[in-house]
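Structure record follows, encoded as structure tokens.
Hydrogens, waters and symmetry mates are skipped; everything else that's a heavy atom, side chains included, is used. Naming convention: chains lettered A, B, ... in sequence-line order (proteins, then strands); numbering from 1 in each chain. The shown structure was predicted, so the numbers you read here are calculated from the model rather than taken from an experiment.
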Protein chains: 2
Amino acid sequence: MTSNKTRSAYHHGDLANAVLDEVERIIEEQGLENVSLRACAKAVGVSHSALFRHYADKRDLLTAFAARGARRMAASVNQQIADVPQGKRFLAVGLAYIDYARKNPGAFRMIFREDALNPDHPDYAQAMQQMAAILAIGGHGSEDTDALSPKALLAWSSVHGIAMLCIDGSLSRDVAQAELEALIEQSLRALAPVLLE
Amino acid sequence: MTSNKTRSAYHHGDLANAVLDEVERIIEEQGLENVSLRACAKAVGVSHSALFRHYADKRDLLTAFAARGARRMAASVNQQIADVPQGKRFLAVGLAYIDYARKNPGAFRMIFREDALNPDHPDYAQAMQQMAAILAIGGHGSEDTDALSPKALLAWSSVHGIAMLCIDGSLSRDVAQAELEALIEQSLRALAPVLLE
DNA sequence: TGACTATGTGACCAATGGAAACATGTGTCT
DNA sequence: AGACACATGTTTCCATTGGTCACATAGTCA
């Protein structure tokens, strides 16, 4: 689709996005350490130097990838909680968040790998702020307080922590996936009452 | 100390550990992406190929570093909760855990960067198991259940999540360090009652 | 059409992880 | 003590990588 459209010989048409797709593919299939500019470029059918027309840096490319991932994640969570009543939002947000992480582990890791990217990039910063807002809503119902409340932090981090432990820690190996679902939901349910005052 | 002891010309004496120290220094001072075998080797005063006598791989070296970090972290937490009464253990464990993460962010990140290391390495696996045991103790008082209980998972992940968000996420930038301390403690205190049945 | 700009190419470079062949030190057995 | 085996370190070499530069080509717009 993105390939044989406006590509006579030069000019891919939408290299910037195509290469992000390629980063995603490689990252999920072979892990982050196998993402090289050259591998991405070749897969897209372009010389590796072409990428520098769209991204200043490898770091810049990864930042763009993380930003896109964060946007998608926020959108996904937002969609899944759309028609959930206010009182049950935390559970819904948590499950959606963890679900996204488990289905896109590479992207999820990259989103929070701040030492490998440029956290000040406007796109990234904005996407992350959006995510934080969603999590805060799930956490304590309103979003007007600038200062993070203890309960909001607790909501944020427990969900985030579960997600991390699911895709990396021992949860990803020692626990059967079927019971993991249940385990997660029970944990979140146990926490929910605390968050509602 | 480690330097001019048994080092006539060849034979450093304790290269394996010295290079781990160097990894730590670089990782904390300049970030993970600047850790190169050559840089470590030069700093220790040895040719870069010498490292391959002690570690099969860069990944193997990083795994050893992560394992040592996990052992130290477990020891540190263990020590800080030694004379805390059973009922208040969760708070103590949480604070100690987060404290270690904030003081050794590079090491902490590496410990959980499982896609960059070899999680099956016995040293690493054992150290992680030890950590999990400690966290479980803090979570629900006994360690006999093989299956992870929801409460144990909740304890584990909330503490882990806070730690992550402290060293990377927005907490590391937008929140003043002074009030962060208080915020963390309040969050953990809010969670504690849930964990005690 | 002609000029300007955006996008892509190819040749080049220094640094990196890793392998191979060689050198030197240490310990052990007689 | 001498000789041998083994552990540890060095040098040299290589393919790959991120990055730069000069050049080529494709759209665009006067």
Side-chain angles (χ1 to χ4, degrees), chain A residues 2-23 25-27 29-66 110 113 115-118 121, chain B residues 2-23 25-27 29-66 110 113 115-118 121:
Chain A
T2 311
S3 327
N4 44 10
K5 209 57 176 299
T6 328
R7 193 215 281 186
S8 41
Y10 264 57
H11 290 86
H12 175 124
D14 193 16
L15 220 188
N17 284 308
V19 70
L20 288 186
D21 291 340
E22 205 50 43
V23 169
R25 200 184 56 81
I26 299 181
I27 230 176
E29 285 177 11
Q30 319 176 31
L32 172 58
E33 60 269 29
N34 287 32
V35 175
S36 76
L37 297 185
R38 290 172 137 98
C40 294
K42 190 193 302 188
V44 176
V46 116
S47 91
H48 84 283
S49 343
L51 304 191
F52 290 95
R53 297 292 171 190
H54 300 268
Y55 303 100
D57 228 62
K58 186 180 187 181
R59 175 177 289 255
D60 191 39
L61 168 62
L62 293 179
T63 302
F65 175 72
M110 189 53 92
R113 192 92 103 226
D115 61 323
L117 40 78
N118 183 352
H121 190 297
Chain B
T2 311
S3 327
N4 45 10
K5 209 56 174 300
T6 328
R7 195 215 279 186
S8 40
Y10 264 56
H11 290 86
H12 175 126
D14 192 17
L15 220 188
N17 284 308
V19 70
L20 288 186
D21 291 340
E22 205 50 42
V23 169
R25 201 184 55 80
I26 299 181
I27 230 175
E29 286 177 10
Q30 319 175 31
L32 173 58
E33 58 269 30
N34 287 32
V35 176
S36 76
L37 297 185
R38 289 171 135 96
C40 294
K42 190 193 304 190
V44 176
V46 114
S47 90
H48 84 282
S49 341
L51 305 191
F52 290 96
R53 298 290 171 189
H54 301 267
Y55 303 100
D57 231 42
K58 187 179 187 183
R59 175 178 289 254
D60 191 40
L61 168 62
L62 293 180
T63 302
F65 175 72
M110 188 52 92
R113 192 92 106 226
D115 61 323
L117 39 79
N118 183 352
H121 190 297

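Between the P atom of C:dA15 and the CD atom of B:Glu33 lies a distance of 18 Å, rounded to the nearest Å. A:Lys42 has its NZ atom 12 Å from the P atom of D:dG18, to the nearest Å. In this structure, the NZ atom of B:Lys58 is 8 Å from the P atom of C:dG18, given to the nearest Å. Counting to the nearest Å, the C1' atom of C:dA6 and the CG atom of A:Asp14 are 14 Å from each other. Rounded to an integer number of Å, the gap from OH of B:Tyr55 to P of C:dG18 is 14 Å. Whole-Å rounding puts the A:Asn17 CG to C:dT7 P distance at 13 Å. One interatomic measurement links the two molecules: CZ of B:Arg38 to C1' of D:dT11, which rounds to 11 Å at whole-angstrom precision. Rounded to an integer number of Å, the gap from B:Leu32 CG to C:dG17 P is 11 Å.
Here B:Arg25 contributes atom CZ and B:Gln30 contributes atom CD; the two are 6.5 Å apart, rounded to the nearest 0.5 Å. If you take CG on B:Asp21 and CD1 on B:Ile26, they are separated by 11.5 Å, rounding to the nearest 0.5 Å.
Checking C:dG18, C:dT9, D:dT17 against every side-chain atom of A:Val46, the shortest atom distance belongs to C:dT9. Closest to the side chain of A:Ser36, out of D:dG9, D:dG18, C:dT7, is D:dG18. Closest to the side chain of A:Leu37, from the set C:dA21, D:dG18, C:dT7, is D:dG18. The side chain of B:Leu15 lies closest to D:dG9 when the candidates are D:dC21, D:dG9, D:dT11. Looking at the side chain of B:Asp57, the nearest of the listed nucleotides C:dG18, D:dG9, C:dG17 is C:dG18. Comparing C:dG10, D:dC13, C:dT7 against the side chain of A:His54 picks out C:dT7 as the nearest.
For the side chain to side chain donor-acceptor pair (under 3.5 Å) test, no residue two or more places apart in sequence or in another chain qualifies with A:Asp57. Applying the side-chain contact (heavy atoms from CB on, under 4.5 Å) rule to A:Asp115 yields the partners A:Arg113, B:Leu32, B:Glu33, B:Arg109, B:Arg113; only residues at least two apart in sequence or on another chain are considered.
Contact annotation for B:His48: base contact, defined as any heavy-atom pair under 4.0 Å involving a base atom.
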Please step through side-chain contact (heavy atoms from CB on, under 4.5 Å) for the pair A:His121 and A:Asp60, ending with a clear verdict.
-> CA-CA 9 Å; A:His121 190 297; A:Asp60 191 39; 3.7 Å; yes
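Remark on DNA chain C: of its neighbouring residues A:Ser47 and B:Phe52, the 5'-side contact belongs to A:Ser47, judged by nearest-heavy-atom nucleotide. Comparing A:Arg53 and B:Ala56, the nucleotide of DNA chain C nearest to each residue sits closer to the 5' end for A:Arg53.
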